[in-house]
Amino acid sequence: MAAPSAVLKSEWTKVRTVSSTMWTLAAALVLTAAVGALLSGVMNATFDDLSEAERLTFDPTLVSFFGMMLGQLAMVVFGVLVISTEYSSGMIKTSLAAVPQRATFYVSKVAVATLLALIVGLLTSFLTFFLGQSLLGDHKASIGDENVLRAVIGAGLYMAVIAMFSMGVAAMLRSTVLSLGLLMAFFFLISSILAGVPATRDVARYLPDQAGSRVMQVVPGALNSDETPYGPWGGFGIMCAWTAVALIGGYIVLKKRDA
Amino acid sequence: MIEAQGLTKTYGGKTAVYNLSFTVQPGVITGFVGPNGAGKSTTMRMILGLDEPTGGTVTVGGHPYRRLPNAPRQVGALLDAKAVHGGRSARNHLRCVAQLSGIPQRRVDEVLDVVGLREVAGRRSKGFSLGMGQRLGIAGALLGDPQILLFDEPVNGLDPEGILWIRNLMKKLASEGRTIFVSSHLMSEMAVTADHLIVIGRGQLMADMSVRDFINTHSASYARVRVPDGEQAAREKLSAALTEQGAHVQPEDDGALRVGGMPLPRISDLAHDAGIRLWELSPHEASLEEAYMRMTQGAVDYRSTADHRAGLQQAGPVPPQGYAAPGPGYAPPMGAPGMPPAGPGVPQPGPGVPGMPPPGVQPGYAPPPPQGYAPPPPPAAPQAPAGAAAPAPREGETRR
Ligand SMILES: Nc1ncnc2c1ncn2[C@@H]1O[C@H](COP(=O)(O)OP(=O)(O)OP(=O)(O)O)[C@@H](O)[C@H]1O
Ligand SMILES: [Mg+2]
């Protein structure tokens with residue numbers, strides 16, 4: 001039986017030796033930081049135009065993470081490609097012939113990619129935070145302020161979990177186009193639309209990205225948004241639960257279906 | 001050793017492999033032959049645990065593949081699809097596979113040398129030619145220095161030098177006592193490569209015997225006998241005389257007779273006794289390819305037919321040559337060397353074979369051989385094919 005450490009090492013070589021890894025992770029970092037910086041600067045310049053309520057609940061940490069809206073999409077692409085290119089290239093046959101224990105293969109693959117996403121996620125979140133704060137002038141937060149460090153680390157974790165969720169979905173669908181189409185539409189459109197419409201807002205709160213992003217808020221009800229029925233870690237937990245379901249679903253498909 | 005017992009696989013409603021039982025022995029090359037869609041790749045995938053059999057079992061070294069200890073060191077495989085991520089260089093691809101089984105990195109360069117890809121090892125495999133891709137796949141199979149090797153159509157895309165190389169490589173590996181299971185469409189290729197043959201058609205076993213036996217059984221010699229043109233009566237008279245003496249006589253398109261089971265001098269004597277002049281009396285050998293095609297005749301999934309080009313004929317001026325009139329190469333695949341083509345639509349009286357379409361209906365239908373192997377009935381009623389060629393059903397084979 002292939003030793004788990006050998007499989008981990010091989011998965012690391014796999015992820016490191018394709019250029020899509022580099023591009024997607026770099027895009028995640030740059031998009032999150034750049035868009036966050038831009039919006040931080042804009043917010044700083046237009047602070048006085050905000051309503052009274054918004055000013056009272058102003059959350060500089062959250063503002064600097066506004067770029068996550070776009071950056072997470074690059075993480076989605078990273079997560080999807082890690083899994084789906086095994087199928088599109090036929091590499092899955094070579095991989096599973098070498099590691100017939102599908103659980104070992106799957107866990108190693110997800111673990112290696114998640115670790116990489118986590119490192120890049122944390123790098124991104126700290127960079128994004130400091131960059132954003134530097135552009136927020138008098139309204140900036142400091143990393144030493146209450147709950148701010150939690151929010152910054154949370155943002156890094158959020159990116160890693162988004163990647164994991166995408167891996168689970170890709171393992172279920174086995175197709176790059178299908179997985180990306182579904183996840184992009186979901187994260188970019190469906191989730192925000194559902195959260196924006198009052199009728200569906202209460203349900204949309206429990207969607208993975210909506211719940212998970214609560215961890216990036218320092219001020220409850222930031223920028224005069226509704227207060228969530230869960231706390232920052234509660235929301236993150238909901239996101240993790242979704243991710244667990246997706247990953248288990250992916251495993252069942254891998255286990256049951258022909259390669 | 002690879003052992004399959006009643007192996008069956010259906011995809012949705014389509015049966016790809018049906019009740020297949022065979023054993024692949026170590027120390028010899030076992031050829032796995034069948035037409036397109038016969039189920040060769042499906043069988044290989046089931047051996048590797050990639051596809052789960054719908055019924056039956058297949059074991060490698062006594063274990064189902066998924067429970068085989070240290071599988072990549074025991075089994076190496078080249079699959080028909082290019083199972084490589086195109087964005088990765090050849091060396092990095094092999095490195096990934098090597099790491100899975102704790103094979104030292106040194107070995108990667110060794111196998112790159114063996115398959116002759118050392119020079120392009122740093123290039124992305126996306127840009128590889130068919131043959132280079134095939135060589136990369138072979139390198140991957142050799143990585144773990146395994147005792148059991150599966151090659152799904154290894155010569156596909158290789159140049160003559162490459163074909164010779166892989167043939168010699170397989171022979172060397174087999175001589176070291178390894179188990180070699182190699183698939184091919186070409187009986188002629190297998191006849192010079194393999195020691196043992198497993199022939200399948202439409203997912204069912206058609207023959208399981210040594211190459212020597214296969215040749216002895218199927219490459220029967222026969223004589224071509226021709227009476228002077230226009231002497232129809234003499235031809236019939238000779239045919240009757242020969243048949244009476246136990247020969248197996250079939251008419252051929254050009255008016256000759258194909259006579260099996262009788263030595264040439266005896267034919268001459270009988271013709272002489274009947275007062276018939278002969279214009280031709282020549283010895284012939286039916287090719288293996290021909291025997292194989294006859295065997296799988298009823299089991300070809302994807303048969304080509306003549307291209308009528310309806311609607312194209314009057315479309316514009318016809319190019320000067322070779323477009324409207326199909327050349328010889330357009331004939332349906334048959335016309336094996338050493339045998340005059342049995343053209344489509346030519347009536348062919350002769351012994352009917354149960355389960356086969358009436359002669360002359362099918363393009364590429366060849367008359368049955370003298371001591372013919374009767375192809376099994378069409379798969380509507382699947383069952384183990386009867387006949388001398390098929391092994392006696394093993395226990396359990398009849399279960400399903
Ligand atoms: N994953 C699949 N889903 C559905 N049908 C399949 C699948 N794999 C194979 N088949 C069908 O099973 C049959 C056998 O296919 P297989 O690829 O095993 O044939 P083969 O002998 O390898 O043919 P070839 O010589 O063309 O490679 C074919 O009819 C094919 O359409
Ligand atoms: Mg095939």
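Chain A is the first sequence line, chain B the second, and so forth, proteins listed ahead of strands; every chain is numbered from 1.
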(request) Against chain A, label B/Arg124 side chain, backbone, both or neither, depending on which of its atoms sit under 4.5 Å from a heavy atom there. (result)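 Interface part for B/Arg124: side chain.
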(request) Below 4.5 Å from any heavy atom of chain A, which atoms of B/Arg45 appear? Answer side chain, backbone, both or neither. (result)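 Contact with chain A involves the side chain of B/Arg45 alone.
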(request) Select one option (side chain, backbone, both, neither) describing which atoms of A/Thr94 are under 4.5 Å from chain B's heavy atoms. (result)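 Both the backbone and the side chain of A/Thr94 come within 4.5 Å of chain B.
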(message) Please rank A/Lys14, A/Lys256, A/Glu11, A/Lys9 by heavy-atom pairs under 4.5 Å with chain B and give me the top one.
(response)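 The answer is A/Lys14.
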(message) Please find the pair of heavy atoms, one from B/Met1 and one from B/Ile148, that lie closest to each other, and give the distance.
(response)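 Shortest heavy-atom contact: N-CD1, 3.8 Å.
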(request) Indicate yes or no: does A/Asp258 engage A/Lys93 in a salt bridge with an N to O separation below 4.0 Å. (result)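 No, A/Asp258 and A/Lys93 are not salt-bridged.
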(request) May I ask you to say whether A/Arg257 pairs ionically with B/Glu52, meaning some side-chain N is under 4.0 Å from a carboxylate O? (result)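 Salt bridge flag = no for B/Glu52 with A/Arg257.
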(request) Kindly say whether B/Thr193 contributes a backbone atom to a donor-acceptor pair with the side chain of B/Lys171 at under 3.5 angstrom? (result)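 It does not hold such a pair.
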(request) With B/Lys9 as the cation and B/Tyr11 as the aromatic partner, state whether NZ or CZ is under 6.0 Å from the six-membered ring centre and within 45° of the axis. (result)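 Yes, B/Lys9 lies over the aromatic ring of B/Tyr11.
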(request) Would you please name every residue forming a side chain to side chain donor-acceptor pair (under 3.5 Å) with A/Ser64, sequence neighbours left out? (result)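 Once residues adjacent in sequence are excluded, the partners of A/Ser64 under the side chain to side chain donor-acceptor pair (under 3.5 Å) criterion are A/Gln133.
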(message) I'd like to check the side chain to side chain donor-acceptor pair (under 3.5 Å) partners of A/Tyr206; sequence neighbours left out, ordered by chain and number.
(response)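 By the side chain to side chain donor-acceptor pair (under 3.5 Å) rule, A/Tyr206 matches no residue at all.
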(message) Quick check for you: among B/Ala141, B/Gly87, B/Cys96, which has the greatest number of heavy-atom pairs under 4.5 Å with chain A?
(response)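 Going by pairs under 4.5 Å, I would pick B/Cys96.
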(message) Can you list the residues of residues 153-174 of chain A that sit under 4.5 Å from chain B, counting heavy atoms only?
(response)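 Heavy-atom contacts from residues 153-174 of chain A to chain B are absent.
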Just distance, no hydrogens or angles: give the donor-acceptor pairs under 3.5 Å from side chains in residues 111-129 of chain A, sequence neighbours left out.
{"unit_1": "A/Thr114", "atom_1": "OG1", "unit_2": "A/Val110", "atom_2": "O", "d": "2.6"}
{"unit_1": "A/Thr124", "atom_1": "OG1", "unit_2": "A/Val120", "atom_2": "O", "d": "2.6"}
{"unit_1": "A/Ser125", "atom_1": "OG", "unit_2": "A/Gly121", "atom_2": "O", "d": "3.4"}
{"unit_1": "A/Ser125", "atom_1": "OG", "unit_2": "A/Leu122", "atom_2": "O", "d": "3.0"}
{"unit_1": "A/Ser125", "atom_1": "OG", "unit_2": "A/Val152", "atom_2": "O", "d": "3.0"}
{"unit_1": "A/Thr128", "atom_1": "OG1", "unit_2": "A/Thr124", "atom_2": "O", "d": "2.5"}

